[in-house]
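Beneath this line is the structure, given in structure tokens, with notes to follow.
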Amino acid sequence: MSSKPTIALAPGDGIGPEIMQATLDLFREAKVHDHVDFVNVEMGKSVFDKGDSRGMTDIAIRTTEDCGILFKGPMETPKGGGGKSINVTLRKMFNAYANFRHFKTLPGVTTVYSKAGINLDMTIVRENIEDTYGGVEHRLSNDMIQCKRLISAPGCDQVHRYAFQTARKMGVKKVHCGHKANIMKMTDGLFLERFKRTAQDFPEIETGDVIVDALCMNLVVKPQQYQMIVLPNLQGDIVSDLCAGLVGGLGFAPSANIGRHISIFEAVHGTAPDIAGKGIANPTSLILSGIMMLRHVGLLKHAAIIENALLAALESGVHTGDFGDPAMKNYKPAVGTKDFTQAIINKLGTKPETVAAVPVPEQGAWAIEKHARPASQQVIRTFTNVITHVVGCDIYLDTPLAPASVAEEMQRCCADTPFNITLISNRGTQVWPTGSVYTECVDYYRVRFELKKDIPVGTIGQSRAVALMDKIAEKFTVCSFELLRTFDGIKGYSLAQGQ
Ligand code: NAP
């Protein structure tokens, strides 16, 4: 049996097997296989087709856990039927909490910026597990659907620490936090606050924060002002693709999903079913992801040699059909995946001439530590010993009544309880006791109940709030319920718009 470390390998669907083969051919020629074995795991369409809605077999899960590294091609998400994206499932299941993408101007890849002589080199670190990507969604009334946005302090801390540690390793001087904390004061507010907290441990790195809409405009107008940006999941997903566009498209954007125990490396683009099997797919994104993987596992010398060969090949004008600029001096007709890969193989050991070559370091040791397999899932916590008190509840109703009628009914329900009704909102905007008659309402209300003035905080527990909900549920459809609590005396809930 081989004593080499192993990497789990899932070629993927559509163009996946073609670009994975190209990448492995290049790696073999660069002698990567002298240091590591690749072991195939069954994931993607073939598993979905067998009726397993996870898209991966038990053996594939166990092999990936044992290897600690998964190198994967793009995988098809079955359309409809409630099937979840296997790509998102993998990241969440293995707690790959940080998505790292590096966007660099590449020779031979023409963009508006390269034409203007602007060289881009920036990274996006995106929180990878939480936010709306939990996919926790419910239909609450005839007309209202909700998606829960979950942001946790440990989740923020993990991604911010990874970002700053990576910035330190890469020599990045300034890290920005992208967010929307001006609107989502609690969720994005926590993300930003934990960013600032983590930054204190990295005093040599300058920090800034930027609201995500302004960030998008800045990235288009002057992208070179950013070196590294860390963002929550959904915003990070959108901004990453924007950045891919700045350097030539998804075909040039590598992606690493980093976790404490398991990390996943993949191309950013999908399975491109329209060109699958034609031998014309561009393997650059997967090759770049593979280079990131080699660096991650400590094969620094191999990573640099392969990257220099890729840069030298691109610089020579070789390209697949999805890129290449006829206006370039050394323009050549497009080639297929195999010839493109062979052109990179031919450049192994050489360096690019028109762009800076990557320094080739001494070979490092295998960098992946083997941890003992945990006996069960870990509970990770940031804040402990916090004193919490119940101060009320928000009860959400499915009703077509107008706000004043809802208020009348609710006042009757809470008359003999420790709670007063303090506000009613619709789609987050206060509609009672004050508001505008021009606020249009839908069939889903939040009714806020807070402790009556003469009831001291700390004397009432959650059971009284649940009893109030029970009472209301006798007459109304209660869609959901949230306790209002203070945490060390600070309100753990937001105000309504217009309150
Ligand atoms: P896509 O597969 O990225 O393809 C969009 C188009 O981009 C293709 O039709 C092709 O355009 C071009 N393209 C993408 N990668 C290319 C490459 N390597 N070489 C040359 N051209 C390339 O996006 P999609 O059509 O939205 O998604 C298709 C499937 O992929 C879906 O099932 C989706 O769920 C899945 N997906 C998987 C991942 C992943 O595994 N990480 C990510 C995204 C999507 P032309 O028309 O120019 O040929």
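Order of listing sets the numbers, starting from 1, for every ligand and every atom in it.
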[X] to ligand 1: N or O pair under 3.5 Å?
{"X": "Arg91", "result": "no"}
{"X": "Asp274", "result": "yes"}
{"X": "Ala281", "result": "no"}
{"X": "Met75", "result": "yes"}

Is at least one protein non-hydrogen atom found at under 4.0 angstrom from [atom]?
{"atom": "atom 5 (C) of ligand 1", "answer": "no"}
{"atom": "atom 19 (N) of ligand 1", "answer": "yes"}
{"atom": "atom 24 (P) of ligand 1", "answer": "no"}
{"atom": "atom 47 (O) of ligand 1", "answer": "no"}
{"atom": "atom 12 (C) of ligand 1", "answer": "no"}

Answer yes if the ring centres of Phe27 and His302 are under 6.0 angstrom apart, and no otherwise.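 Here the rings of His302 and Phe27 have centres that are no less than 6.0 Å from each other.
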Could you check whether any side-chain heavy atom of [X] comes within less than 4.5 Å of a side-chain heavy atom of [Y], counting everything from C-beta outward?
{"X": "Glu127", "Y": "Tyr133", "result": "no"}
{"X": "Thr271", "Y": "Lys45", "result": "no"}
{"X": "Phe195", "Y": "His176", "result": "no"}
{"X": "Tyr113", "Y": "Thr105", "result": "no"}

Mode of [X] contact toward ligand 1 - side chain, backbone, both, neither (heavy atoms, under 4.0 Å):
{"X": "Pro273", "answer": "side chain"}
{"X": "Asn282", "answer": "both"}
{"X": "Asp322", "answer": "side chain"}

Report yes or no: does Thr284 have a heavy atom closer than 4.0 Å to ligand 1?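 Checking ligand 1 against Thr284, which is what was asked, there is no heavy-atom contact under 4.0 Å.
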With a 4.0 Å cut-off on heavy atoms, is Ile19 touching ligand 1?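 For ligand 1, residue contact (heavy atoms, under 4.0 Å) with Ile19 is absent.
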If you have a sec, work out which protein heavy atom is nearest [atom] and how many Å separate them, to one decimal?
{"atom": "atom 16 (C) of ligand 1", "answer": "Ile15 CD1, 4.0 Å"}
{"atom": "atom 2 (O) of ligand 1", "answer": "Ala272 N, 2.6 Å"}
{"atom": "atom 30 (O) of ligand 1", "answer": "Thr271 N, 3.0 Å"}
{"atom": "atom 1 (P) of ligand 1", "answer": "Gly270 N, 3.5 Å"}
{"atom": "atom 21 (N) of ligand 1", "answer": "Ile275 CD1, 3.6 Å"}

For Gln146 and His138, indicate whether the former's side chain and the latter's backbone hold a donor-acceptor pair under 3.5 Å.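 No; zero donor-acceptor contacts below 3.5 Å.
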Hey, is the main chain of Gly279 close enough, under 3.5 Å, to the side chain of Thr337 for a donor-acceptor pair?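 Yes, the answer is positive, given that a donor and an acceptor are paired below the 3.5 Å cut-off.
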Please report, to 0.1 Å, the donor-acceptor pairs under 3.5 Å made by any side chain of residues 92-100, with sequence neighbours excluded.
residue, atom, partner, partner atom, Å
Lys92, NZ, Ile129, O, 2.7
Asn99, OD1, Arg101, NE, 2.9
Asn99, ND2, Ser255, OG, 3.1
Asn99, ND2, Asn257, OD1, 2.7

Under 4.0 Å between a Lys/Arg side-chain N and an Asp/Glu carboxylate O for Arg149 and Asp188?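 Between Asp188 and Arg149 there is a salt bridge, with a charged N closer than 4.0 Å to a carboxylate O.
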Presence of salt bridge, Arg54 and Asp52, under 4.0 angstrom: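 Salt bridge flag = yes for Arg54 with Asp52.
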Which of the ligand 1 atoms, numbered from 1, are nearer than 4.0 Å to a heavy atom of [X]:
{"X": "Glu266", "value": "41 (N)"}
{"X": "Asn87", "value": "37 (C), 38 (C), 39 (C), 40 (O), 41 (N)"}
{"X": "Pro74", "value": "39 (C), 40 (O)"}
{"X": "Val268", "value": "42 (C)"}

Any donor-acceptor pair under 3.5 Å linking the side-chain atoms of [Y] with those of [X]?
{"X": "Thr341", "Y": "Asp25", "value": "no"}
{"X": "Glu315", "Y": "Thr354", "value": "yes"}
{"X": "Glu65", "Y": "His261", "value": "no"}

Side-chain polar contacts of residues 219-230 - donor-acceptor pairs under 3.5 angstrom, sequence neighbours left out - could you list them?
residue, atom, partner, partner atom, Å
Gln225, NE2, Lys222, O, 3.0
Tyr226, OH, Asn218, ND2, 2.8
Gln227, OE1, Lys173, N, 2.8

